[in-house]
Number of protein chains: 2
Amino acid sequence: MTKPLDPEMLDPLCPSDLVPFRVEDKWAGMIIQCLEDGLRRFSELRALLRNTSKVLTQSLRTLERDGFIIRTVHAGPVRHVEYELTSLGRSLLDLLDAARTWARAPLDELIDAHERHQPLTEPANTTRCPRPDTSS
Amino acid sequence: MTKPLDPEMLDPLCPSDLVPFRVEDKWAGMIIQCLEDGLRRFSELRALLRNTSKVLTQSLRTLERDGFIIRTVHAGPVRHVEYELTSLGRSLLDLLDAARTWARAPLDELIDAHERHQPLTEPANTTRCPRPDTSS
DNA sequence: CCGAATCCCTGAGGATACTG
DNA sequence: CAGTATCCTCAGGGATTCGG
């Protein structure tokens, strides 16, 4: 089986949702990243994405429908389900990488811009964000 | 001034909103495309995007806030406003191009996938769509 | 001509609880 | 373990109207 994912791989404080680039839905980019090294089980993904199962399932179903991932059910005493990228899904990795590369330079400016033009929300808000597609 | 935009440049029937990429918001990708050749006036953009002014203004303001475009007001007997890409905004063109290039191959499969898994909506719906970032 | 203001509506996203 | 089933909130998107 694929080697375990680094639990710190997705930093919940990373301001990457300021990056103006989205693939499919909010979580799809991160899911694809997590599947980069091979098969992953549902629970692995849920733990990493700090996501509730409903939303995760939605994303996974959409990705499956569009042919980006394959879903495999392993019956048994303890049932488990595994997901993996198709070649089409794998082709998205290049694009995600391009987006992350692009974002590295202007990210600080983006953060500044958001802070400057948005004193509307709560003041002591440390720009929380659930780490989308541009995770390192 | 920049040469006129082709009115047919953005085909309202193009199924490009099935392409799983978004830049900023729904219209930002198209706006950036329209600004590729230089300055554009508000009315040019509104006509091309077949968009109501409020939503267009929103997108433009966001793009301006994030440093992707510059807004210039020309006062006078007939006031008009022009928008142009910054170098940062221009750097997005590469990403958009990469996304469009990627999308060309799997687009048909994406359309099929959507139609197969979505007999839920109205039947005689000719996949209307407002032509997002992947316009040719 | 270029928006701003208003109202409305849908749907993505999420919290919680339950099931084969 | 891997999901459904509900319910809720809120922001994106849009139609319409008004203003400088």
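Lettering follows sequence order; numbering is per chain, from 1.
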>> Once side chain to side chain donor-acceptor pair (under 3.5 Å) is applied, do any residues pair with S91(B), and if so which ones, sequence neighbours excluded?
In response: W102(A)
> Does R61(B) have any side-chain contact (heavy atoms from CB on, under 4.5 Å) partners at least two apart in sequence or in another chain, and if so, which?
Replying inline: T57(B), E64(B), R71(B), Y83(B)
>> Once you apply a heavy-atom cut-off of 4.0 Å, does V78(B) come out as touching a base, just sugar-phosphate, or nothing?
In response: sugar-phosphate
> Quick one: salt bridge (Lys or Arg N to Asp or Glu O under 4.0 Å) partners of D97(B), sequence neighbours excluded?
Replying inline: R100(B)
>> side chain to side chain contact (heavy atoms under 4.5 Å, CB included), that's the test. Do L56(B) and I31(B) meet it? Break it down for me.
In response: CA-CA 9 Å; L56(B) 179 57; I31(B) 292 173; 3.7 Å; yes
Protein-nucleotides 2-9 of chain D N/O pairs under 3.5 Å:
residue: dA2(D); atom: OP1; partner: R41(A); partner atom: NE; Å: 3.4
residue: dA2(D); atom: OP1; partner: R41(A); partner atom: NH2; Å: 3.4
residue: dA2(D); atom: OP1; partner: V81(A); partner atom: N; Å: 3.1
residue: dA2(D); atom: OP2; partner: S43(A); partner atom: N; Å: 3.0
residue: dA2(D); atom: OP2; partner: S43(A); partner atom: OG; Å: 2.1
residue: dG3(D); atom: OP1; partner: R61(A); partner atom: NH2; Å: 2.9
residue: dG3(D); atom: OP1; partner: R71(A); partner atom: NE; Å: 3.2
residue: dG3(D); atom: OP1; partner: R71(A); partner atom: NH2; Å: 2.6
residue: dG3(D); atom: OP2; partner: Y83(A); partner atom: OH; Å: 2.6
residue: dG3(D); atom: N7; partner: S53(A); partner atom: OG; Å: 3.3
residue: dT4(D); atom: OP1; partner: R61(A); partner atom: NH1; Å: 2.8
residue: dT4(D); atom: O4; partner: S53(A); partner atom: OG; Å: 3.3

> In whole Å, what is the span from the CD atom of Q58(B) to the P atom of dA11(D)?
Replying inline: 13 Å
> Checking side chain to side chain contact (heavy atoms under 4.5 Å, CB included) for the pair L93(A)/L85(A): CA distance, chi angles, key distance, verdict?
Replying inline: CA-CA 10 Å; L93(A) 287 170; L85(A) 290 175; 4.0 Å; yes
> If you fit an axis to the five pairs at each end of the helix from dC1(C)-dG20(D) to dG20(C)-dC1(D), how big is the angle between those two axes, to 10 degrees?
Replying inline: 50°
> Whole-Å distance between dG13(C) C1' and R50(A) CZ?
Replying inline: 18 Å
> Can you check the L56(A) CG to dA15(C) P distance for me, whole Å?
Replying inline: 13 Å
>> Output the rounded distance in Å from NZ (K26(A)) to P (dA12(C)).
In response: 14 Å
> Which pairs with one or both residues in residues 36-76 of chain B pass ring-ring contact (aromatic ring centres under 6.0 Å, His included), sequence neighbours excluded?
Replying inline: H74(B)-H80(B)
> Tell me: CG of D25(B) to P of dA12(C), nearest whole Å?
Replying inline: 16 Å
> Do the side chain of R90(B) and the main chain of L88(B) share a donor and acceptor less than 3.5 angstrom apart?
Replying inline: no
>> What is the separation between atom CD1 on I69(B) and atom C1' on dC2(C), rounded to the nearest whole Å?
In response: 14 Å
> Separation of N51(B) atom CG from dG12(D) atom P, in whole Å?
Replying inline: 15 Å
>> Test of understanding: with side-chain contact (heavy atoms from CB on, under 4.5 Å), list the residues that count as partners of D94(A), not counting sequence neighbours.
In response: none
>> Which residues pass the side-chain contact (heavy atoms from CB on, under 4.5 Å) test with T52(B), not counting sequence neighbours?
In response: V55(B)
> What is the distance, rounded to the nearest whole Å, between atom CG of L49(A) and atom P of dG14(C)?
Replying inline: 11 Å
> At under 4.0 Å, does any side-chain N or O of W27(B) touch on OP1 or OP2 of dG12(D)?
Replying inline: no
